[in-house]
Undergrad: 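Have a look at the structure that comes next, please.
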Amino acid sequence: MIHDEDTGETVCGSCGLVVTESVIDGGPEWRAFTVEERESRTRVGAPMTYSISDMGLSTVISPADKDAHGLKLPPDTRLQMRRLRIWQARSRIYSSEDRNLAQAMSELDLLADRLHLPLLVKEEAAVIYRKCFDKDLVRGRSISAIAAASLYAACRLNQTQRTLRELSRNTKMDLKEVSRAYRLIQKELRLQMPVPSPLLRVPKIAAMLGLREETQRRAVDILRRAERLRFTAGKDPMALAAAALYIACLMSEEACTQKMISEAAGVTEVTIRNRYKNLKEDLKIDI
DNA sequence: TAAGATAAGAGGGACAT
DNA sequence: ATGTCAGTCTTATCTTA
């Protein structure tokens, strides 16, 4: 086994197989060159994070009735500490705000995990959820719906290719609920979403079908031309990408049926046919 | 068997009431 | 707030090559 500190990969020394891709580095994230620097930068505690309901910053009073030197506390101090612990716990979790956030964050965790979303996206979703909470958008709606919608919004903002359907499939809710919540928060928070480009969907579909690089390139060409002529507005990007790939397959004589593409892209064959038809007409493509 | 055609229905945006 | 309209996409079924 060879461990590569730079990439964090552990690689088998004889065959080159990557065993684990990410290794947790327990060391500090800063560097220090002098003793003074080291001392001034040293700090204690977990890093702050948005995906724990209190951002990981709350104080925890140790349950052991000992002082800093490990000696038992005198009885009256012990009683006082016990009372403090109770109030501390109440103020942390038992306020309705924190209960709400705590539940939302755990749902976010679960969902992000299932969809293999990067930490960055999850943290952004957590920020969005907090904004929703502050704007009072959660009251009267389900926490799960707002949490799922926040995650979807974070995906969109980061151009991370996940469909609303993929998201709702991993929750108990149906697509309608999540998309309603998503539209609500998009409107209320005035989120400026990047326009979803069909170009970015091509690799995803092509990879599922194992299509050649050449075919992908042709599909991208077709979509570029269509975008330039404004034929793509208002159409499902996934459907456009699927249709372009279908045309590309025909042109490069790569065997691929509409059905295969429709399954990989998550759009129906009929929709692919429609997009295929007007792409062909609009761009005057002869196959 | 794959691809095309047709029709009915759902859901949401734009716009008027 | 509620209703209507055009356009998109889905589901289902039938036809064609």
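Letters go in sequence order (proteins before strands), and every chain restarts at 1. Side chains included, hydrogens not; waters and symmetry mates left out as well; all remaining heavy atoms used.
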Undergrad: Could you work out which one of B:dA5, B:dG4, B:dG13 sits closest to the side chain of A:R183?
TA: B:dG13
Undergrad: Does atom CZ of A:R212 have more than 12 heavy-atom neighbours, drawn from other residues, nucleotides or ligands, at distances under 6.0 Å?
TA: yes
Undergrad: Does A:Y276 place a side-chain N or O at less than 4.0 Å from the phosphate oxygens OP1/OP2 of B:dA3?
TA: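 No, no such contact exists.
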Undergrad: State the CG-CG distance between A:L240 and A:L199, to the nearest 0.5 angstrom.
TA: 10.0 Å
Undergrad: Taking NZ, NE, NH1 and NH2 as the nitrogens, is one of them in A:D136 or A:R139 under 4.0 Å from a carboxylate oxygen of the other?
TA: yes
Undergrad: From the list C:dA12, B:dA3, C:dT8, which nucleotide is the closest neighbour of the side chain of A:V270?
TA: C:dA12
Undergrad: Can you check the A:E177 CD to B:dA10 C1' distance for me, whole Å?
TA: 16 Å
Undergrad: To the nearest angstrom, how far is A:M238 atom CE from C:dT10 atom C1'?
TA: 16 Å
Undergrad: Determine: side-chain N/O of A:T271 to OP1/OP2 of C:dT8, distance under 4.0 Å, yes or no.
TA: no
Undergrad: The side chain of A:V267 lies closest to which of these nucleotides: B:dA3, C:dT10, C:dT8?
TA: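 In terms of side-chain proximity for A:V267, the closest of B:dA3, C:dT10, C:dT8 is C:dT10.
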Undergrad: Expressed as a whole number of angstroms, how long is the span from A:N274:CG to B:dA5:P?
TA: 9 Å
Undergrad: Rounded to whole Å, please give me the gap between CZ in A:R275 and P in C:dT8.
TA: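 Distance, rounded to whole Å: 7 Å.
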Undergrad: Atom CD1 of A:I247 and atom C1' of B:dG4: how far apart are they, to the nearest Å?
TA: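 Value for this atom pair: 15 Å.
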Undergrad: A:T257 side chain N/O closer than 4.0 Å to the phosphate oxygens (OP1, OP2) of B:dA2?
TA: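 No.
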Undergrad: Nearest heavy atom decides the nucleotide; on that basis, is A:E269 or A:R180 closer to the 5' end of DNA chain B?
TA: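 Nearer the 5' end of the strand: A:E269.
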Undergrad: Just the rounded figure in Å: distance from C1' of B:dG12 to CG of A:L184.
TA: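 Distance check: A:L184 CG to B:dG12 C1' gives 15 Å.
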Undergrad: To the nearest Å, give me how far apart CG (A:D236) and P (B:dG12) are.
TA: 15 Å
Undergrad: Dump the intermediate steps for side-chain contact (heavy atoms from CB on, under 4.5 Å) on A:I247 and A:Y276, then the final yes or no.
TA: CA-CA 7 Å; A:I247 296 177; A:Y276 160 64; 3.5 Å; yes
Undergrad: Quick one: pull up CG in A:L108 and OH in A:Y129 and give me the separation to the nearest 0.5 Å.
TA: 9.0 Å
Undergrad: Identify which nucleotide among B:dA5, C:dT11, C:dT8 has an atom closest to any side-chain atom of A:K277, counting heavy atoms from C-beta outward.
TA: B:dA5
Undergrad: Measure from CZ on A:R273 to C1' on C:dA17 and round the result to the nearest Å.
TA: 14 Å
